[in-house]
Amino acid sequence: MITIGAVLLIVLIYAIVNSVKFFKDTELSKEVKEKMLAKSFKAAFITVIVGWGFFELFMIMRIDPSFDVYRIVILIIVIISFIVFGLNLKVQNQRPE
């Protein structure tokens, strides 16, 4: 579990650094930035909805988690959505439309 947390933390830091670089970048036009942000927000939002849905289905079918377990799972889902957002910006920044 510590290994998974360490990997998530490293990838999260990388995604945050890429997001900050994107917001500070001035060579892209405003329209291109807005399109890229819209795609990234959409991917992050879908990640949250799908993750939460799978966890709710798992709760209905198998377990009755404590509040601490629920809180940790939701935190992991939010962290993964930040990672998806940052990496999506990085991929789109390498090949802007």
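The analysis underlying the following values was restricted to heavy atoms, covering all of them including side chains, and did not include hydrogens, waters or symmetry mates.
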Got [X] and [Y] here, is their nearest side-chain heavy-atom distance under 4.5 Å?
X: N18; Y: N93; result: no
X: T47; Y: I77; result: no
X: L37; Y: E34; result: no
X: D25; Y: L28; result: yes
X: L87; Y: V11; result: yes
X: I76; Y: F55; result: no
X: E56; Y: M59; result: yes

Treat each ILVMFWY residue as a node, draw an edge where side-chain heavy atoms are under 4.5 Å apart, and state whether [X] and [Y] are in one component.
X: I10; Y: I4; value: no
X: M36; Y: F41; value: yes
X: L12; Y: Y14; value: yes
X: L75; Y: I80; value: yes
X: V78; Y: F54; value: no

message = Ignoring hydrogens, what is the shortest heavy-atom contact between A44 and F85? Give both atom names and the distance.
response = CB-CB, 4.0 Å

query = How close do S19 and G86 get, heavy atom to heavy atom, and via which atoms?
reply =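 The pair with the smallest heavy-atom distance is OG-CA, 3.4 Å.
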
message = Holding to ring pair (Phe, Tyr, Trp, His ring centres under 6.0 Å), I want the full list of residues that pass it with F58, two or more places apart in sequence or in another chain.
response = none

message = Let me confirm one number: the NZ-CG distance from K39 to L89, rounded to the nearest 0.5 Å.
response =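 Answer rounded to 0.5 Å: 11.5 Å.
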
ask   = Around atom CZ of F23, are there more than 12 heavy atoms of other residues, nucleotides or ligands at under 6.0 Å?
value = yes

ask   = For F45, does the CZ atom sit with more than 12 other heavy atoms under 6.0 Å from it, leaving out its own atoms?
value =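 It does not: F45 CZ has 12 such atoms or fewer within range.
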
request  = Run through I72, D68, I74 and flag the one making a side-chain contact (heavy atoms from CB on, under 4.5 Å) with Y70.
outcome  = I74

request  = Using the ring of F22 (Phe, Tyr or Trp, six-membered ring only), decide whether K90 places NZ or CZ under 6.0 Å from its centre and within 45 degrees of its axis.
outcome  = no

query = Sequence neighbours excluded, which residues qualify as side-chain hydrogen bond (donor to acceptor under 3.5 Å, both in side chains) partners of S40?
reply = Q92

